[in-house]
Protein chains: 2
Amino acid sequence: MAVACRFPSYQAVLVKIKGSLAGEEQPETTSLKEASIEYFVSFVQIFGLPKSVGQIYGLLFVSVRPLAMDEIVEHLGISKGSSSQGLTLLKGLGAVASEQIPGDRREHFKADINVSRIVTHFFDNQLQPRLDNGESRLKEILRLAQELEQEEGGTENAGVVTRIKALQKWQKRGMNIIPMVIRWLKR
Amino acid sequence: MAVACRFPSYQAVLVKIKGSLAGEEQPETTSLKEASIEYFVSFVQIFGLPKSVGQIYGLLFVSVRPLAMDEIVEHLGISKGSSSQGLTLLKGLGAVASEQIPGDRREHFKADINVSRIVTHFFDNQLQPRLDNGESRLKEILRLAQELEQEEGGTENAGVVTRIKALQKWQKRGMNIIPMVIRWLKR
DNA sequence: TGATTTGTTCATTTTTATTTGAACAAACCG
DNA sequence: CGGTTTGTTCAAATAAAAATGAACAAATCA
């Protein structure tokens with residue numbers, strides 16, 4: 001499974017236009033459950049997460065009591081496999097917690113709205129490692145560029161080297177801003 | 001085309017393991033061009049952008065002079081269509097600029113490393129509108145929950161209403177942090 | 001212990017996104 | 001003008017991601 005921040009796809013706009021011309025009807029009234037699911041589906045899609053993950057969270061978010069997996073499957077009409085994978089992911093993010101209900105063997109899930117924890121988890125586990133990896137790769141790129149500059153003895157590559165060094169500064173800046181944002185969220 | 005922040009996909013890990021067992025060989029030496037392309041491909045994929053966009057930017061980033069579209073097509077072995085669409089996207093992000101070279105009719109492209117402008121553009125055009133939309137949707141969700149609470153007269157939904165209000169606070173926080181980050185990047 | 005319930009895994013299917021390339025338009029050239 | 005170069009668009013092909021569901025394992029029960 002994968003997390004990202006998304007733009008609408010190349011041809012998505014065209015599809016939308018065609019859809020509205022074809023006269024797609026939207027339901028006039030929306031229930032709380034439907035509204036919540038829709039909201040979280042589009043939210044998780046910003047981060048490139050599967051729709052099913054948003055559906056599950058949206059359902060749990062407006063549920064008055066924790067739900068068992070088979071209840072989620074039934075409410076959403078998704079497969080057991082998707083539920084299991086989606087819940088595993090959401091637990092991993094710290095976005096849902098599970099508890100036992102006396103006299104019921106099933107695991108029961110509820111939405112956790114500790115956004116600060118979720119974001120921190122995302123930054124630490126997803127963003128930070130990528131930035132760390134990027135740092136060492138940039139070093140290698142700089143090395144290659146400087147090598148070329150020497151070999152050729154020319155000034156042609158000087159601009160490239162400067163550009164790489166500028167990017168390194170931005171890389172560092174990016175890494176510095178993460179703990180700042182986390183601190184601000186926890187405040 | 002669509003932008004997001006990505007996790008690796010559900011089955012991606014398995015594929016990796018299979019690959020290493022099959023003994024995929026990596027080239028021992030990497031050129032500057034290759035290293036730069038790889039770097040930016042994985043970078044843009046964090047944001048859910050197509051690989052071709054990263055390839056194009058990576059190539060332009062280490063090019064000593066601006067390149068015409070047919071040169072990009074030739075270097076990368078991608079189609080004219082992908083180049084055109086990718087360059088349009090990158091121009092839209094403010095990540096590449098184009099210029100005319102005297103005596104040559106073709107448009108020439110070069111990488112722009114004004115990261116602050118790119119990030120600002122992303123926040124303003126992608127993130128902010130989504131958050132604005134989210135705000136009004138949350139209001140509707142709250143209304144529906146309060147309606148239910150009244151109808152049933154019960155206290156069952158009280159927890160849900162509280163949860164929605166908590167989420168609204170986080171929504172506001174999210175919207176506040178954007179200008180802060182932008183200001184910090186511009187500093 | 002054997003039957004039943006609960007939950008996970010992963011090959012296959014389905015859905016969605018990206019790339020291609022041919023058709024087209026627009027600008028330039030002689 | 002007609003021919004050529006440059007660049008865009010979009011239907012179709014390809015590639016990638018997500019969902020399904022059957023097979024399996026593990027826990028509980030009677």
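Each chain gets a letter, A, B and so on, in the order the sequences are listed, and its residues count up from 1.
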For nucleotides 3-7 of chain D, give me every protein contact, N/O to N/O, under 3.5 Å, one pair per line with atom names.
residue, atom, partner, partner atom, Å
D/dT5, O2, B/Arg105, NH2, 2.9
D/dG7, OP1, B/Glu107, N, 2.5
D/dG7, N7, B/Lys80, NZ, 2.9
D/dG7, O6, B/Lys80, NZ, 3.1

In whole angstrom, what separates [X]'s [atom1] from [N]'s [atom2]?
{"X": "A/Leu49", "N": "C/dT16", "atom1": "CG", "atom2": "P", "result": "16 Å"}
{"X": "A/Gln45", "N": "D/dA18", "atom1": "CD", "atom2": "C1'", "result": "11 Å"}
{"X": "A/Leu89", "N": "C/dT8", "atom1": "CG", "atom2": "P", "result": "13 Å"}
{"X": "B/Ile78", "N": "D/dT8", "atom1": "CD1", "atom2": "P", "result": "13 Å"}
{"X": "A/Ile56", "N": "D/dA18", "atom1": "CD1", "atom2": "P", "result": "13 Å"}
{"X": "A/Gln55", "N": "C/dT15", "atom1": "CD", "atom2": "C1'", "result": "14 Å"}
{"X": "A/Gln85", "N": "C/dC10", "atom1": "CD", "atom2": "P", "result": "10 Å"}

Original post:
Should the pair B/Lys80-B/Asp70 be classified as a salt bridge under the 4.0 Å nitrogen-to-oxygen rule?
Top reply: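 Salt bridge between B/Lys80 and B/Asp70, a charged N being under 4.0 Å from a carboxylate O: no.
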
Original post:
The side chain of A/Ser52 lies closest to which of these nucleotides: D/dA19, D/dC10, C/dC10?
Top reply: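 Ranking D/dA19, D/dC10, C/dC10 by closest atom to the A/Ser52 side chain puts D/dA19 first.
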
Ignoring hydrogens and geometry, is there a side-chain-to-backbone donor-acceptor pair from [X] to [Y] under 3.5 Å?
{"X": "A/Ser136", "Y": "A/Asn133", "value": "yes"}
{"X": "A/Glu135", "Y": "A/Asp132", "value": "no"}
{"X": "B/Gln171", "Y": "B/Leu131", "value": "yes"}

Original post:
Once the angle between the rings of A/Tyr39 and A/Phe43 is folded into 0 to 90°, is it parallel (under 30°), tilted (30 to 60°) or perpendicular (over 60°)?
Top reply: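 Taking A/Phe43 first and then A/Tyr39, their aromatic rings lie parallel (interplane angle under 30°).
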
Original post:
Are OP1 or OP2 of D/dG21 and a side-chain N or O of A/Ser79 less than 4.0 angstrom apart?
Top reply: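 No, because none of the side-chain N or O atoms of A/Ser79 sits under 4.0 Å from OP1 or OP2 of D/dG21.
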
**OP:** Would you mind reporting whether B/Phe61 and B/Ile37 have side-chain heavy atoms less than 4.5 Å apart?
**Re:**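 Heavy-atom side-chain distance check fails, nothing below 4.5 Å.
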
Original post:
Between A/Lys91 and A/Lys51, who's closer to the 5' end of DNA chain C by nearest nucleotide?
Top reply: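 Whichever sits nearer the 5' end wins; that is A/Lys91.
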
